[in-house]
Amino acid sequence: MGLLEHRLDENVLTTRIDWLINWARLSSIWPMTFGLACCAIEMMAVGAAHHDMDRFGAGAFRATPRQADLMIVAGTVNFKMAERVKRLYEQMPSPKYVIAMGACATGGGPYYKYGYNVVKGVDRVVPVDVYVAGCPPRPEALLEGLMKLQDKIRRSAVLRKPGLPEGALFVPAPS
Amino acid sequence: MGLLPAPLLAATLLGAPLLVAGGQQGNFVTDLVAKLSPVEIPWPLLVLIGALLGSGFFLLLVFITPYAMLAIWAERKVGGHIQCRIGPKRVGPFGLLQSIADAIKLLVKEDTIPAGADKLLFVFAPALVLASAIAMFAAVPFAPDVWFTDLNLGVFFIVAISSLTTIGVIMAGWSSANKWSLYGAMRMAASVISYEVPLGISLLVPVLVSGTFSLREAALAQEGWGGAAWYLFRDPFVLPAFLLFYTASLAETKRAPFDLPEAESELVAGFHTEYSGMRFSFFFLEEYAAMFVVSAIGALYFLGGWAFPGLTPLVEHLFGRGWIFNAVAIGVFSAKALFLVFVMMWLRWTLPRIRIDQVMTLGYKYLTPLSLACLLGAAAWELYVVPLFGGGG
Amino acid sequence: MERIAFALFAAIAVGGGLVALFHRSIVHSAFALMGTFLGISGLFVLLGADFLAVVQLLIYVGGILVLILFGLMLTKPDPSERKLRRVLLVLAAVAVPAAILVARIASAARWAAAEGPLPDPKPAAREIGFLFLLKDAYLIPFELAAFLLTVALVGAVFLARQPHPPPPGGEDR
Amino acid sequence: MSLGAYLAVATALFVLGLAMMIARRNLLYVLMGIELILNAANLNFVAFARYAAPAGGEAALRGQVFALIVILLAVAEAAVALAIVLHAYSLFDTVRPEEPDLLRE
C-alpha cells in the first residue's frame, strides 16, 4: 500500500476502500505465538475452548513474526528479553499491533519498585496499542482488549489522510 | 512484482500439455475464447491463446482461489469443532467471509524481503510453487465432459508436476537466508523423495487395473448401477493400495502428521518462515490446491470418480448424458474429493506430528515394501484370478 | 505456432544452460538447470514424445535435481572458483570445433529426414510399454536396466553408509 | 520446425555441458554437466526418431526407448556419483575435482 497510503482526500471511494481494508484487518488479526510469563497461560485460555479467540478470526497463531499482525506481550519483560521483544516487533510487517497484557507489561507491575531487571512497561521498547490491566487479566479482559483493538483499527485511515493521532486504548481492571 | 512470474510460468507449464492434448476438440478455455472472440480465430492460434493466457488466470481465479478460501474456512471450522470450540463465526454468516478477510489482509500487508535473502529466488519461489499447483489442477477432470485438458498421461503428469513444488520449496528455504527455512526445505526434499516412491507404486495399482493413465477414462470405466465397478472393490489389493496412497499423499502435500517442513515447534514456520503477505498466501494456496488434487486422484482412481450407486445411473437413465448428468457428476465427484480433504483436516487436528526419522522409517521400511506387495498382488490377481470369472482387461 | 513454442522452449533450455554455466553461485546454477530440464521437456512434447516429456519432468526435476541440491546443501561450495576468463576460454574452445563439426556434418550428410509439417504424433505410452515387454523387442535392455538400478541403489547405499575411516595415509598429509 | 533446429539446440546444450564439466571447479558442476550432455543426446535421439519415421510405428518409438534407457542410466549414475561426491567430501573436505590425488603419491 506504500504509494497510496495516506495520500488521498476523503471521498466516497476512499472511505469505502478504507472501510473494506479495515474490516479485513480487524477480522483477521493473527497473533504471534509468544508468551513470556504467567499471563501467557491466560492467553492460551483465550485461544482454547471456553473463550475461543478464533470466533473473531484471531485464532490463527503464527509462529513466525513475518506472518503475524498482533504481538500480545503476555508477561514480565526483562531487560534481557526486551531486546528480543523489540527485534520480533521489528520483524513483523506493518500494519502491526501490540497488546500489553497484564500489569508487568503495562508498567512493571509488582516489580516496579525493586525489579532491577524488569522493564517498567513494554511501551518503553515498542509502541503499544492496547493495555489490558490485571495480574494476570482474566481471559475476558484480553478478549475485550482484542475488541478495543478492533475498534481502533476500524477508525484508522488507510488511503485517507490521517486525522488526529489516536492514543492507546485501555481496558480497566474490573473493580 | 511477485505476482508477475506466476502466470507466465504457469502458462509455459500449461502450454505444453494443452498443445498436445487440446487436440482438435479443444477444451474449456479455448471454447470460451472462441465464443467471446468477435472474429474467427484459427484453431492452432486458439490453443496457444488458451494455453498462454487463459488457463493460468482462469483456473486460478475461477477454481483454485474460491476452493482454497472455502477449504481454509473449513479447516478452521473443523479444527474448532474438533477442539470443542466454535471457530470463526463473527465474520459473515458462520464466519464464511473469514477467508476473504484473511486474503484482503494478506494482500495489503507489507511485503518484506529479508536483507540477506537472495532476492531473485526469494521472489521466484512462491510463483513457481503456485504455478505448479495451477498446472496440477489443470489435469483434473470434474465430470465426463468438464475438464481443462484430458491428458492421456493425466495422473503421471500430476505426479511429475508435483515435484516442481519440491523445487519451489527448496528454493524458498534456501533463498530466505534462514537456517530454519533451510532445515524445513531439506526435510521437505527428503520426505518427498522418499514418499514419491510408495505414492507412485500404489498409484500403479489402479493404473494396472484400468489400463490407462487418464483420470477421465479411469473414472468412465467405473460407472455402473452399483458400486461394484469401483476399483476399490475390484480385488483385495486395491484397498490397501488406497490407504498407502492416501498416507503417502499426506506426506507429499506436507499435511500432518507429516508436516515436518513447517513444524512450528521446531522450525518456527519451516520453509516459509520469512515470507509475509501475498507471497505467503501463495504457499497456502498451493497447499490447499495440492490437497484437493491428491484427493481428486483418490476419488477418481479408487472411489469411482463421479459414479454413485443408484444416483448417477438414474440421472443418466432419465436425462441422458447431457448437462444435467454432468452437473450431477460434478456434484458427486466434488463431494467425494472434498470428503477426502475433510479426512485430511480431521487427521491434522487429531494426530500429533511424528519425528523426521520416524517419517523416513515409515516411508522406506513399511510403505514402500507394502506398496510393492500390493502391486505384485494386484498384477497376479489380474493375471490369474480375473480370467477365472471370465473377465478380462 | 509450433515455431513460437519451439523458440520459447529452446530459449528456456539454452538460456538455463547458459545461466548454469556462468553464474557465480552453484545453487543458482542448479536452479537454472531446472529451466533447461523444463525446456527439454517442452521440446519432447513438440516432438511427440509425451511420455518421455513427463518422465523427464519426473526424473530430472523431481529426482536428479533434488539429489544435486541435496549434495549442494551437504557440501561447502567454493564461491571463488568461477574464473570468467577460464569459462569463456573453455566455452570458445569447445563451441567452435563443435559448431564446425556440426555444420560440416549437416552439409555433408544426407539422411532420410522428413521435411515440412509432420503428421500429428500419436500418444506413445502404451506402445512404449509393449515394446519394453515384448520378447523380441526391448525386453532384455529393460531387464538389464532394472538390474542396473538395483545395483546402483545398493551401491549408493553402501557408499553412503560406510562409517568414515581416517583419511588414508593419515599423518603425512 | 526442421530437424536442424532441434540438432542446433542439442548441440548448444552439449557444448554448454562439456564446458561446464571442464571449466568449473566443483564435482557437482561435473555432475550437472554430465546431465546436460545426456539431455542433449536424448533430444537428438528423439528428434531423429521423429523425423526419420514421421508416420509413427515401431521405428518412431525406437529413439524414445533409447532416450528412456539413457534416463535410467542417468538416474543410476546420479545416485552413485552423488554418493561418491559426498564420500569424497567427507574424506578430503573439498569438492574440487583435482584435489583428491592420493593415488599419485
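Convention: sequence-line order gives letters A, B, ...; per-chain numbering from 1. Computed from a predicted model, the values in this text were never measured in an experiment.
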Side chain from CB out, backbone as N, CA, C, O: work out which of these in A190(B) comes under 4.5 Å of a heavy atom of chain C, or both, or neither. both

Select one option (side chain, backbone, both, neither) describing which atoms of V61(C) are under 4.5 Å from chain B's heavy atoms. both

From L65(C) atom CG to F37(C) atom CZ, the distance as rounded to the nearest 0.5 Å: 6.0 Å

Please report the C-alpha distance between F51(C) and F44(C) in whole Å, then the side-chain angles of each, then the deciding distance to 0.1 Å, and finally whether the ring-ring contact (aromatic ring centres under 6.0 Å, His included) criterion is met. CA-CA 9 Å; F51(C) 181 69; F44(C) 282 163; over 10 Å; no

Need one label for L121(B): side chain, backbone, both or neither, based on atoms under 4.5 Å from any heavy atom in chain C. side chain

Does a side-chain N-to-carboxylate-O contact under 4.0 Å join R279(B) and E274(B)? no

Centres of the F245(B) and Y301(B) rings: under 6.0 Å? no

Heavy-atom contact with chain C under 4.5 Å, split by part of I193(B): side chain

